Each structure stands twice: as C-alpha cells, then as structure tokens.
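Data block below; observations after.
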Amino acid sequence: MGENQPAQRREAATRPVEAGVTTGSLARRLGVSPTTLRSWDRRYGVGPAVRSDGRHRRWTPQDVAMLEEMCRLTSAGVPPAQAARTAQEGAGRNRPGPELPGGGDRPGGHRSQAAGALPLGDVRQECRGLARAAVRLDAPTVGDQLASLVARYGVVLAWDEVMVPTLHAVGRKWESSGDRYVEVEHLLSWHISRALHRATEPVAPEGTRAAAGPVVLACVPGEQHSLALEALHAGLVELGLPTRMFGAAVPTEALTAAVRRLGPKAVLLWAQTRSTADLPLARHVADTRWGVKGARGHPAVLLGGPGWAGRPVRGMLRPPGLRDALGTLSALYDRPVPVIRG
C-alpha cells in the first residue's frame, strides 16, 4: 500500500487485534457491501494497512477514516479511482494503489460498478454520486446533493438528467434482484419529494392570481404516484406561474369542486398506469364551466403520465415530459418558452 507499510505492520503487531474492525463491521458502518470493500482494496489499494494473521483484514481508525473520505468523495460524483487517490493522500499513503487493466475510471476505460452495480448507463457525474449515496442509504448526503442540484441547475434539468435516471436505475435493479433495493427506492423517492417541496416557494402575489386562473395539478382517482407531478409543480413555481397542487388520488367530486372554485387556466391530470387513466373523467373536467352566464369559462386539460399513452383525446394535449408540459403551460399564460439551465 504505502512506502512505510512494513513499519506500519511492525507497529500494528504490538497492538491488540481488537484495535481494528472486521470488513463486515466496516461495511455495515459505511453502508456498502464487503465485496465492495474487497474490490476497492484490489483495484485501488485502499485496503487496511494491517492484516491479522497475514490474511484477515483488520481496519484501524486511520483506515476507517480513509474509507469514509472515499465514500464521501464518490457520493459527490468523484470517480472511484480519483477518490481513492485523494483519500490515500489524505491518509498519508502516497503510493497509488493498483488499477485494473483498461484504465479503471480513466476516460475510455472500464466504468466502476461500486455504486451497488446500478445499471446507470451513460449519465451525468452527479447521477453516479447520487446513486452511490442512495445505495448506502446515506440520507444526509442524498438530501444535500439533491438540494445542491436544484439550486445549481434548476428543477427541470435536475429532474430530467439526474433524479429520473437514478430512480429508473434503482427500479431496474429492484426488478432484477428479487425485491432487493426496495429500501433504496423508498429513501431516494422520499428525498426527491422533499427536495422538490423545498424548491417550492409561495405562489404569486394576490394581484397576479386574480389576473389569470392557476394551473390545477391532480392525480386521477386511485393514482398514488405523484412524484412527477411534484416536479411539475416545482417547475411552475420556479417560472412564477400560479399553480395549485392537489397530490395523489384526488376524488372526482373534490376535483370538480376545485375546478369550479378556482376557475383554472389549465388542469393537468396525472395517470401513471392505464388502469387509472380515466377518459370520462378527463372529458368531465374539460366540460366543467364556471362564472356568470355569458362569460363562463372552462379549463384547458392536459394529460400527463404514461397511463394515457395510445389514448388520444380530441381537444386535450399530452405533453411527453416535464419540459414540454412547462412549455405548453407557459404558452397559455403568454409567457416565453422557459430556458433550461445547463
């Protein structure tokens, strides 16, 4: 490992074995698998400075601090090979560890699978950092990264290019792993929802609200998946458009009452699955009227979510994604198409 490794081993031999922790204990502490720790040792040289009986790994407090730093860096999206070098330097291990043929994490080389081997594909670096933190169930890091993403890039880019790819990767891993990683999906979804809520400031001042009705956002009855709708809500608030979010599984009667009371410019109905996509409900909302005779209004109706796929409805729009929905709704208010930060 380091140049003074023999001296370290002699010094460690005078200490009781109990001074170090086992690989299993350290893995539980860091939220990674023992296999990941052994892989990091083999690939990057970030193993323990001392091995009990010459074989078994025993991790000293200095070793643990080095691994904690490596986890922190990889959670921030730093490639594992680079994170390992930085962590080793911080721990006083100046000699770089071994790398696999093909360049480890160098451009064009083999990509690391240390993030729980999630099938991420070709994604932004921030996506990999978020995935690693989520797999470790590192809630503070997940929350910090999501808040930083929204603040730096805005809701749309953070959602489209980091949050959604990571959620899809966790979902694919869950489907192929016999119900493993369900806890990862729940933790990640909750923190994404929290980050989107935090990005939501109060709606526009009263004068602006009176000038035009808001956008009503609602999941159809029986639809519990509301995360994408929360992203749209945060995006509308970021653009300064008036909006009312009603969340999951809104009953028909409640939705009708809200439309009549608010006089919305538009209503977006979200359906994640075909079983919840209710075309009669969509037509009912589109036909809902309010106001005095001779000046009655009715909303534009947008259909959001994969549940509406292949079911075109005349007079209703079905934006395929968050950017399209924001562009369509901005046009209803005679606003320019939003420019996405990159």
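Bear in mind the structure is a predicted one, so any value in this text is a computation, not a measurement. Just so you know, residue 1 is the first one in the sequence shown, and it goes up from there.
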How about [X] and [Y]: do any of their side-chain heavy atoms sit closer than 4.5 Å?
X	Y	value
His233	Leu196	no
Trp40	Leu67	yes
Val216	Leu255	yes
Leu281	Pro221	yes
Thr60	Pro48	no
Trp290	Pro299	yes
Leu187	Val142	yes
Tyr333	Pro242	yes

Rounded to the nearest 0.5 Å, what separates atom [atom1] in [X] from atom [atom2] in [Y]?
X	Y	atom1	atom2	value
Thr328	Leu268	OG1	CG	9.5 Å
Ser25	Arg58	OG	CZ	8.0 Å
Met245	His197	CE	NE2	6.5 Å
Asp138	Arg132	CG	CZ	13.0 Å
His191	Arg198	NE2	CZ	9.5 Å

Pair Glu126-Tyr153, side-chain donor/acceptor within less than 3.5 Å: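 Distance-only check passes for Glu126 and Tyr153.
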
Short side-chain donor-acceptor distance under 3.5 Å, Asp144 and Thr141: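 Short answer, no.
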
Over 12 non-hydrogen atoms of neighbours within 6.0 angstrom of CZ in Arg289: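 Atom CZ in Arg289 is crowded, with more than 12 foreign heavy atoms closer than 6.0 Å.
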
Within 6.0 Å of NE2 in His225, more than 12 heavy atoms from elsewhere: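 Check fails, neighbour count at 12 or below.
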
Leu217/Leu236 under side chain to side chain contact (heavy atoms under 4.5 Å, CB included): CA gap, chis, key distance, verdict: CA-CA 10 Å; Leu217 304 175; Leu236 289 168; 4.0 Å; yes

Considering all heavy atoms, the nearest [X]-[Y] contact:
X	Y	result
Ala325	Leu232	CB-CD1, 4.0 Å
Leu303	Pro319	O-CD, 3.7 Å
Thr276	Gly222	CG2-O, 3.8 Å
Glu223	Thr273	OE1-N, 3.5 Å
Pro214	Gly263	CD-O, 4.4 Å
Thr23	Leu37	O-CD1, 3.7 Å

Joint cluster assignment, Leu137 & Leu130, ILVMFWY side-chain distance < 4.5 Å: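 Linked, Leu137 and Leu130 end up in one cluster.
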
In one Ile/Leu/Val/Met/Phe/Trp/Tyr side-chain cluster, 4.5 Å: Val267, Leu279: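 Yes: a chain of side-chain contacts under 4.5 Å links Val267 to Leu279.
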
Donor-acceptor under 3.5 Å ([X] side chain, [Y] main chain):
X	Y	result
Ser226	Leu229	no
Gln272	Gln224	no
Ser193	Ser189	no
Trp308	Gly304	yes
Gln88	Tyr44	yes
Arg335	Leu329	no

Chi angles and distances behind the side chain to side chain contact (heavy atoms under 4.5 Å, CB included) call for Arg244, Val215: CA-CA 6 Å; Arg244 296 293 187 278; Val215 177; over 6 Å; no

Presence of salt bridge, Arg323 and Glu161, under 4.0 angstrom: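 Yes, this pair counts.
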
Side chain to side chain contact (heavy atoms under 4.5 Å, CB included) between Trp159 and Leu227, worked out: CA-CA 10 Å; Trp159 171 258; Leu227 198 56; 4.0 Å; yes

Derivation and outcome, side chain to side chain contact (heavy atoms under 4.5 Å, CB included), residues Asp287 and His298: CA-CA 7 Å; Asp287 291 338; His298 65 93; over 6 Å; no

